[in-house]
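Just below is one structure, and these are the notes that go with it.
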Amino acid sequence: MSSFESLGVRAEILRALADLGFQKPTPVQERTIPYLLSTGGDLVALAQTGTGKTAAFGIPLLEHIEGDQPEVQALVLAPTRELCMQITRDFRHYAAHLPGIRIVPVYGGASIREQIRGIRQGAQVVVATPGRLIDLLEREALQLAQVQTVVLDEADEMLNMGFQEDIDHILAQVPADRRTWLFSATMGKDVRRIAQQYMREAAEMNVGGGNKAGEGISHQYTVVMARDRYPALKRFIDADPALFGIVFCRTKQDTQDLAEHLTRDGYQADAIHGDLSQQQRDRVMARYRARNLQVLVATDVAARGIDVSNVSHVIHYDLPGEVESYTHRSGRTGRAGKTGISLSIIGVRDVYKVRNLENRLHLHFSYVKVPEATEIIERQLLGFVEKLKDAPVDPAAIGPLVDAVSLDLQDLGREDLIQRIIALEFGQALKRYKDARDLNVDLASKDRKAKPKVPGAERNERAGHLASGQMRSMFINLGTKDGFDKGRMLGYLCGITGLEGRHFGRILLKDTYSFIDIDAALFDEVVGHFGRANYKGRRLRVDEGGTAVGDRPSRPAKKPFNKERRR
Ligand code: AMP
């Protein structure tokens, strides 16, 4: 196993790394540091946050800086203010014993005058968000003519956030013979374009997990009715007193609402999203970092660049819109060799989205149940007992107090005492969970959700059903007069049932009704979804349509499924 010394890192930085307690390089560092120190060439590295990538480019970058030259020699571009500050902090640690190296962060949302003053005092390394850097260039507050190293950190995030033009503009202004190092968690076509356009014979390294989320992360999902997502979330939090998590929602409003609900229900929670001022955001983050908050509720954009150690859970209250976002979200846990859980709480209709993530990211998602009331109380009780056993007791200080109460308690037996302690400590929780129902959707009867193990296997099984002709026909009182064609009908069915198009067979449209072939194994489930459904205020009727359309024309219904049909 290599040491930092054997990678060629110089003595002053070795001392700084020892101060930080870095004993050996991480795999990313092992691969990139010797390459970036020796060749000085370009690099495209697929690496996630949490793998030690900041030091992987930071150490060689600092080694290339001439401390006695005052000009800007290295430029690091990062998507967010938080990431800029984090990189600056880390670089200053690595450079602690390198005299004369100044590292200056510049980012939006803070006084540009202060930053200009900072740069004027001398900066060999500038760590910048692209937008603010352009502002500074336009004000001629910054000269990039002596830049020898450019790092694009979290390049995919920068492009996702719309910084493409800014990056083009900046890269056109730095000397052409610079070295360029690009780090990205994913490698989409936009990232490739940047690499092709601005880099020369770049070495490519797939380190630290590349396109998939980190090694130490367990990907889990639970399935509930959509309306039960909130109580389910609370149960997961209640069941794990050590949970320290980030919960993701899609919109600013949902993020705010969820945090407010949690706070009202007694949880230490707050939200970060784009509508907060920088000050408000900093305040929330400081509380979270100090663990005065147990749960941070965030939008994807607001969570970018957040670097908080030991996040135990990333919870997807809403699944992300983009596959890449799942990788970024879950990368907030399981960092620096630790383990973490990335849990998706999904409604029945979204199971296929988990399949999609499995297939696209080559990940395995384990199904977990929402903890039941007894389990939650038991876990909390065990946690309490552990705390009770470990409570530090100072006999000298407590002795007299014990004497004072033992007389009062002498008639209570041991069992009595234990019962009362539990009643006091868990009375509220017991009351809250007294009539708590099971929130889990019964997967046993819906085997399509209970068998997530091998992505694709389930599909083949379904395809088997279709191929073997095991279809049943469903009647529905919607037809061409309602504006449906086959495509719209299929989309409508998928929307109502949460199934995919492949689960449906032929569709026969009439003017006021239709017949649809459905995979026989899913027929009852599909019909169940229409139990109380309306279409534009009209109650829908579904029924068995007789023999499947694909076999021969339908005949009248045999068995009624809902009240309207019975009448
Ligand atoms: P990064 O991927 O750069 O965000 O780093 C993730 C975390 O790992 C940070 O807290 C670093 O301080 C820490 N770290 C980076 N390299 C090492 C190392 N070689 N040994 C121990 N910790 C490290």
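In this chain, residues are counted from 1 in sequence order. Order of appearance sets the numbers: ligands from 1, and atoms from 1 within every ligand. Being a predicted model, the structure only gives us computed values, none of them experimental.
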Proximal atoms of ligand 1 relative to [X] (non-hydrogen, under 4.0 Å):
X   : result
F4  : 19 (N)
T54 : 1 (P), 3 (O), 4 (O)
T26 : 16 (N), 17 (C), 18 (C), 19 (N)

**OP:** May I ask you to check whether Q23 has an N/O atom sitting below 3.5 Å from an N/O atom of ligand 1?
**Re:** no
Subject >> Within-cut-off N or O pair, G52 and ligand 1, under 3.5 Å >> reply: yes
Original post:
Are any of the heavy atoms in K24 under 4.0 Å away from ligand 1?
Top reply: yes
Subject >> Side-chain (T26) to main-chain (T51) donor-acceptor, under 3.5 angstrom >> reply: yes
Original post:
Between atom CD of Q124 and atom CG of D68, what is the distance when rounded to the nearest 0.5 Å?
Top reply: 9.0 Å
Original post:
Step by step, would you call F244 with Y288 a ring-ring contact (aromatic ring centres under 6.0 Å, His included)?
Top reply: CA-CA 9 Å; F244 178 57; Y288 186 58; 4.4 Å; yes
Original post:
With a 4.5 Å limit on heavy-atom distance, are the side chains of F4 and I13 in contact?
Top reply: no
**OP:** Give me the ring orientation class for F365 and H219: parallel if the planes are under 30° apart, tilted from 30 to 60°, perpendicular past 60°.
**Re:** tilted
